[in-house]
Amino acid sequence: MIFDGDRQEVDRYLQAVDEIQRSISDTSISDDQNKVNSAVQIAMARLEDEFRNILISHTIPIEADSLTEPDQDQQQQQQQQQASSFSSSSSPISHVTNDDSNYVNDEANKLFRFNSEGTASNVSVNSSYRSTSSFREIDLIPSDTVYDLRCIAERMISSGYLRECIQVYGSVRKSAVDGSFRKLGIEKLSIGDVQRLEWEKLEIKIKRWIKAAKVCVRTIFASEKRLCEQIFDGVGTCIDDACFMETVKGPAIQLFNFAEAISISRRSPEKLFKILDLHDAFMDLIPDIDLVFDSKSSDSIRVQAAEILSRLAEAARGILSEFENAVLREPSKVPVPGGTIHPLTRYVMNYISLISDYKITLNDLIVSKPSIGSRNSGDPSTPDIDFEEVDGKTPLAIHLIWIIVNLQFNLDGKSKHYKDASLLHLFIMNNVHYIVQKVRGSVELRELIGDDYLRKLTAKFRQAATSYQRATWVRVLHCLRDEGLHVSGGFSSGVSKSALRERFKAFNAIFEEVHRIQCVWLIPDSQLREELQISISEKLIPAYRSFLGRFRSHIESGKHPENYIKYSVEDLEDAVLDFFEGIPVSQHLRRRSN
């Protein structure tokens, strides 16, 4: 190859080509013109080979360091990790079936089973598109070689070989771009291929794609555009744009088709956070895409990117709306043992906690309020809301409150499957308390929900606790009343020992039953469990101590007092501490004996 040899030989060859090109206009005799044209064809064929050889042999392989993005914001990274952990460990809410027995006993399952210019000529480089600091352009070809390529391109184009020049350039540089794509792990997948992938595998590819897309736009495509400008700018009208699109149009479509496939795929709740990650990545890249693909010939790339961004936004809105309905309609009917926190409650609250982490994005995307029922609608089959509770809140905040309203409505329905009224109230208390704690534990979620609605939720679980105590302990305390124990007659009055013995026996039997049953009930939150135990003790212990103090002597003066006074005050205090730990009585007794 001439351009691989001595520089003087290169210059002499280029001068010879220039002379042949000049002789075209000076030659009038047809035979001579044919000879000149033949000489031009031979020269252009040789230059085409030289052009191809230079592009191939002098391409600088992109180093691995250039194919990595700088570390992203730590908070954003943590957010994506949490979302990935959530969605990869869960199944879509829409997949929940009526076969509840597989998950209600599985405490581990918190969720449903259910990503230089030329050295010898003035090369004009348009740098208007490089106006942001996000670009990391690199030299794809040494600067002295760029000068040789420009010299060849000028002569091929001036001789009418523009198409050949563009084709050679595009084919070689596209191969280089394809090589960089392979290093980044970008696969040639059709939209159908992407949509057929399992979601767990797709999550990994989305995370990889987000990182790769930034490198593609800001490093690979931007560097290819700069190289085209260095070689072709000023040589002819829009030739640099034509060569740039010949090089990157196919790879750009391949890159964006992946995101497009995600945007139009079947919607399900676990996809929301990766779709939001994709949306944020695209939103971040759109200004760079507009700057790199700024010519008329690249309109289709800009339009595709904008449409994908719009579809991702619509997908996120659609998933949120479908999630609201899925929470309301989740059909499980088997009561969770011990009235503990339902898997639905954990799933939904973990889900909306993550939603609140994306509030900046979602506040822009969610512009309309959900279709919510009025408290005056009178339809008992659908939830309702007091519009004053959401007055002045953002659409996103209203959506989150509406999800919680739907969740409570569903939980109220599930509570009716408990045959024991006390357990029904304990179930509601546990689940609403969990909702409150999740809201309090997230600054973002609490800010969205608001303290007014949080106070309403707090009042609801406290009311459920009060209802539980009434349903359980009124009948226990009823045994400790004085009514019915006193007798009166003409000559004497006092306490009926038989009635008193029956009263102690009734108390013992009822308390033992309550103790046996409610020890295996579960309040997972230790603070809430302790508060309820204290509340029970504050009512039970003083009443029992007073009753025992008034009537102990009447029992102890008779036969077998131990058959009637089975509990000391201290025994009752210890027994109350057994409640709601999810442990049978026998284990509590063994623990105390040890």
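Just so you know, residue 1 is the first one in the sequence shown, and it goes up from there.
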Item checked: Working for side chain to side chain contact (heavy atoms under 4.5 Å, CB included), residues Ile289 and Phe221 -> CA-CA 9 Å; Ile289 293 171; Phe221 294 163; over 6 Å; no
Check: Can you pull the ring-ring contact (aromatic ring centres under 6.0 Å, His included) pairs that have at least one residue in residues 296-320, sequence neighbours excluded?
Finding: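 Matches after skipping sequence neighbours: none remain.
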Would you say [X] and [Y] make side-chain contact, with heavy atoms under 4.5 Å?
{"X": "Trp402", "Y": "Pro383", "value": "yes"}
{"X": "Met156", "Y": "Leu162", "value": "no"}
{"X": "Ile262", "Y": "Leu202", "value": "yes"}
{"X": "Val17", "Y": "Met44", "value": "yes"}
{"X": "Ile186", "Y": "Phe258", "value": "no"}
{"X": "Phe232", "Y": "Phe244", "value": "no"}
{"X": "Tyr358", "Y": "Leu396", "value": "no"}
{"X": "Lys205", "Y": "Val194", "value": "no"}

[atom1]/[X] to [atom2]/[Y] distance, rounded to the nearest 0.5 angstrom?
{"X": "Ile355", "Y": "Asn350", "atom1": "CD1", "atom2": "CG", "answer": "11.5 Å"}
{"X": "Leu312", "Y": "Thr361", "atom1": "CG", "atom2": "OG1", "answer": "11.5 Å"}
{"X": "Ile141", "Y": "Arg226", "atom1": "CD1", "atom2": "CZ", "answer": "11.5 Å"}
{"X": "Ile56", "Y": "Arg173", "atom1": "CD1", "atom2": "CZ", "answer": "10.5 Å"}
{"X": "Leu197", "Y": "Glu203", "atom1": "CG", "atom2": "CD", "answer": "12.0 Å"}
{"X": "Leu227", "Y": "Cys243", "atom1": "CG", "atom2": "SG", "answer": "9.5 Å"}

Closest non-hydrogen atom pair, [X] against [Y]:
{"X": "Ile231", "Y": "Arg150", "answer": "O-NH1, 3.1 Å"}
{"X": "Ile264", "Y": "Gln195", "answer": "CG1-NE2, 3.3 Å"}
{"X": "Ile449", "Y": "Lys393", "answer": "O-NZ, 3.1 Å"}
{"X": "Ser265", "Y": "Lys271", "answer": "OG-NZ, 3.8 Å"}
{"X": "Asn410", "Y": "Val327", "answer": "ND2-O, 2.8 Å"}
{"X": "Val177", "Y": "Thr247", "answer": "CG2-CG2, 4.0 Å"}

Notebook entry, point to check: Of the options Asp49, Leu149, Ile152, which is the one that meets Phe3 in a side chain to side chain contact (heavy atoms under 4.5 Å, CB included)?
Noted result: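 Between Phe3 and the candidates, side chain to side chain contact (heavy atoms under 4.5 Å, CB included) is satisfied uniquely by Ile152.
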N/O donor-acceptor pair under 3.5 Å between [X] side chain and [Y] backbone:
{"X": "Asp193", "Y": "Ser190", "value": "yes"}
{"X": "Ser442", "Y": "Lys438", "value": "no"}
{"X": "Ser158", "Y": "Arg155", "value": "yes"}
{"X": "Ser310", "Y": "Glu307", "value": "no"}
{"X": "His399", "Y": "Thr394", "value": "no"}
{"X": "Arg46", "Y": "Met1", "value": "no"}
{"X": "Ser321", "Y": "Arg317", "value": "no"}
{"X": "Ser356", "Y": "Glu444", "value": "no"}

Just distance, no hydrogens or angles: give the donor-acceptor pairs under 3.5 Å from side chains in residues 248-255, sequence neighbours left out.
unit_1 : atom_1 : unit_2 : atom_2 : d
Gln254 : NE2    : Glu187 : O      : 3.3

[X] with [Y]: basic N within carboxylate O range, under 4.0 Å:
{"X": "Arg218", "Y": "Asp284", "result": "yes"}
{"X": "Arg267", "Y": "Glu322", "result": "yes"}
{"X": "Asp178", "Y": "Lys174", "result": "yes"}
{"X": "Glu314", "Y": "Arg311", "result": "no"}

Check: Is Lys359 atom NZ crowded by more than 12 heavy atoms from other residues, nucleotides or ligands, each under 6.0 Å away?
Finding: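 Counting other residues, nucleotides and ligands, NZ of Lys359 exceeds 12 neighbours.
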Item checked: salt bridge (Lys or Arg N to Asp or Glu O under 4.0 Å), paired with Lys225, selected from Asp240, Asp288, Asp294 ->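 The residue from Asp240, Asp288, Asp294 that satisfies salt bridge (Lys or Arg N to Asp or Glu O under 4.0 Å) with Lys225 turns out to be Asp294.
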Next item on the list: Could you please spell out the steps behind the side-chain hydrogen bond (donor to acceptor under 3.5 Å, both in side chains) verdict for Asp148 and Thr145?
Entry: CA-CA 5 Å; Asp148 288 341; Thr145 306; 5.4 Å; no
Next item on the list: Determine, using ring centers only, whether Phe273 and Tyr351 are less than 6.0 Å apart.
Entry: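 Ring centroids of Tyr351 and Phe273 are less than 6.0 Å from each other.
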Next item on the list: Please step through side chain to side chain contact (heavy atoms under 4.5 Å, CB included) for the pair Val168 and Tyr161, ending with a clear verdict.
Entry: CA-CA 11 Å; Val168 170; Tyr161 283 77; over 6 Å; no
Note to self: With side chain to side chain contact (heavy atoms under 4.5 Å, CB included) as the criterion, how do Ile435 and Val348 come out once you've worked through the C-alpha distance, each side chain's angles and the decisive distance to 0.1 Å?
What the structure shows: CA-CA 9 Å; Ile435 294 171; Val348 171; over 6 Å; no
Next item on the list: If the plane angle is over 60° it's perpendicular, under 30° parallel, otherwise tilted; pick one for Phe256 and Phe282.
Entry: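 Taking Phe282 first and then Phe256, their aromatic rings sit tilted (interplane angle of 30° to 60°).
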Checklist line | Evaluation steps, side chain to side chain contact (heavy atoms under 4.5 Å, CB included), between Val439 and Tyr453 | finding: CA-CA 10 Å; Val439 174; Tyr453 192 71; over 6 Å; no
